[in-house]
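In what follows, a structure is listed as structure tokens, so that the remarks can point back to it.
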Amino acid sequence: MMAIHSNFRTQTPKTSNTLTAWRVTSPRTRVARPIREMPPASSPSAVSGWPAAPSMRTVAAGASASSSPAPVPSSPPKTREEEILSQLRNVIDPDFGEDIVACGFVRQLQVDEQAGHVSFTLELTTPACPVKEMFQRESVRHVKELPWVRDVTVRLTAQPPKPLLPQSGRPGGLSNVRHVIAVSSCKGGVGKSTVAVNLAYTLAQMGAKVGIFDADVYGPSLPLMVDPEVKVLEMDPATKAIYPTEYEGVKLVSFGWAGQGSAIMRGPMVSGLIQQMLTTAEWGDLDYLVVDFPPGTGDIQLTLCQTVAFSAAVIVTTPQKLAFIDVAKGIRMFARLVVPCVAVVENMSYFEAEGKRFHPFGQGSGERIQRDFGLPNLIRFPILPDLSAAGDGGKPLVVSSPASPTSAAFMELGAAVVREVARMAGRPGTRQSVYFDQQEDAVVVMLPGQQEFLLSPEVVRANDTSATTVDEWTGQRKAQEFPPDARPASINPLGNYAVQISWSDGHNQVAPYELLDELRRFAVPRGQGAVVTELPGGQVAQAQMV
């Protein structure tokens, strides 16, 4: 973790012994209360990773508010159904931090007491839930602990696909697509398309309905990497709707199947074409649509993010420092567009020979991205000839070799994407919250299971890790003057890992929750009011009372 910086300025009081600082502003400048000087920051200690799941729980009356499962009530339940639900409260969702009864997963509970048979349905948030087998196994085990139960039947299902946002966020043929996932690298040649295709088929193997959209018009990769029986996109002459082709149960759309190969055209034309293909395709009911972004951070990428409300992004990089710089630009682009990045894939990370592991492209790019931007998941893939050969042969590796170690790594990536997206669609009460309180002139931070605390804008800004404050090549902090009147203009959440802060002076900052938690040592008390007075000439003076 990089060093934490404090950045306070205190002036000698000139009006009264009760004033610790003063500031004069013009009438057009928003008045901001100064903060008292605090001791300089010491080098931070090692910090444990961000909790894997929110710790806040819905607690029944009389129950403990700890993070442990809610205990069985001391008084015996009145009905057999209540006994069953009481036992099922011991099964905890690791992502929401709540039991499956509180999460509303238990449906259609039926009890035949005479036969000792119990049956119910677990309606999960996604058919690709990575812990669904655990839910089923633990539910059966806990219910069978009741002495009168002989047999338990658990049916697994999922909530019907529906957009994460209102339908306006999913235009045209995307209206029944639940989650849209961007796979981006902002640099060519790092294996982004390989990751996108194998991730899509991994999600399909996990039980989800999946589609892939190849957004690269200049050099579409999808026709080479998969080999569908129908190799052309069909269009309805009346509605102009595009019908995706299909391979191994996954719907596919690429310009390479439009009968024209790659395109030679200007940027605005490409942006319009991609927008048309994405929104007019009849995707039907999908749990996940994986969008393979073209390299770069230009018009095409902006058009995609402004056309569709993306649920999350996966960033693909390689260990080289140059790849880190390009990927960092992409993460900031997604941050400005309020698209949360949920995982980093470090491709071509290493190879193994003679029992040793070699890193031909160096080490540390993935870790630095994860540390600087607070991304929760880092997945590494080795240099593996079989991975590229499978893609070139039209059959992704996770389809041709589902039991291979690389397929297991893609399963880990798929589980991470499903888990993070499910958390973002979870209960609002279990989420973290960060906002700017103008009256307190402070950034208010509320993390799950913890008390809120206030940070001065100076401290938050001084600990920025963007390219304007940290040299991307060396990682060293640049000498920079913080505008004293700059304040957060807006603060938007970036999934479960960070917030994106737009400052009044035009600066954009990605602040991970882990970093904000580290800054807790600089917390300022609430209710430190300010004295405001108008001076001759229309100027305003403001001072803090002690």
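The figures here come from the full heavy-atom set of this structure, side chains too, leaving out hydrogens, waters and symmetry mates. Predicted, not measured: the structure shown is a model, and the values here were computed from it.
- Under 4.0 Å is where a charged nitrogen must lie from a carboxylate oxygen, and between K192 and D292 at least one such pair does.
- For the pair R461 and W503, the cation-pi criterion (under 6.0 Å, within 45° of the ring axis) is fulfilled.
- Here F293 and F334 bring their ring centres to under 6.0 angstrom of each other.
- Salt-bridge annotation for R487 and E458: present, with a side-chain N of the basic residue lying under 4.0 Å from a carboxylate O of the acidic one.
- Once rounded to the nearest 0.5 Å, the distance linking CG of D93 with SG of C129 reads 6.5 Å.
- Side chain to side chain, N347 and R380 fail the donor-acceptor criterion of an N or O pair below 3.5 Å.
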field: Verdict with supporting geometry, V499 and Q509, side-chain contact (heavy atoms from CB on, under 4.5 Å)
entry: CA-CA 8 Å; V499 291; Q509 175 182 357; over 6 Å; no
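- Put simply, the side chain of S185 does not reach to within 4.5 Å of the side chain of T317, judged on heavy atoms.
- The shortest distance between side-chain heavy atoms of I274 and V217 falls below 4.5 Å.
- Atoms CG and OG, on D441 and S456 in that order, are 8.5 Å from each other to the nearest 0.5 Å.
- Taking the ring centroids of F255 and F213, they lie at or beyond the 6.0 Å cut-off.
- Side-chain atoms of S502 and N508 form a donor-acceptor pair, as typed in the model, at a separation below 3.5 Å.
- Taking the side chain as every heavy atom from C-beta outward, R419 and V131 never approach each other to under 4.5 Å.
- Taking 4.5 Å as the limit, some side-chain heavy atom of M206 sits within range of a side-chain heavy atom of M411.
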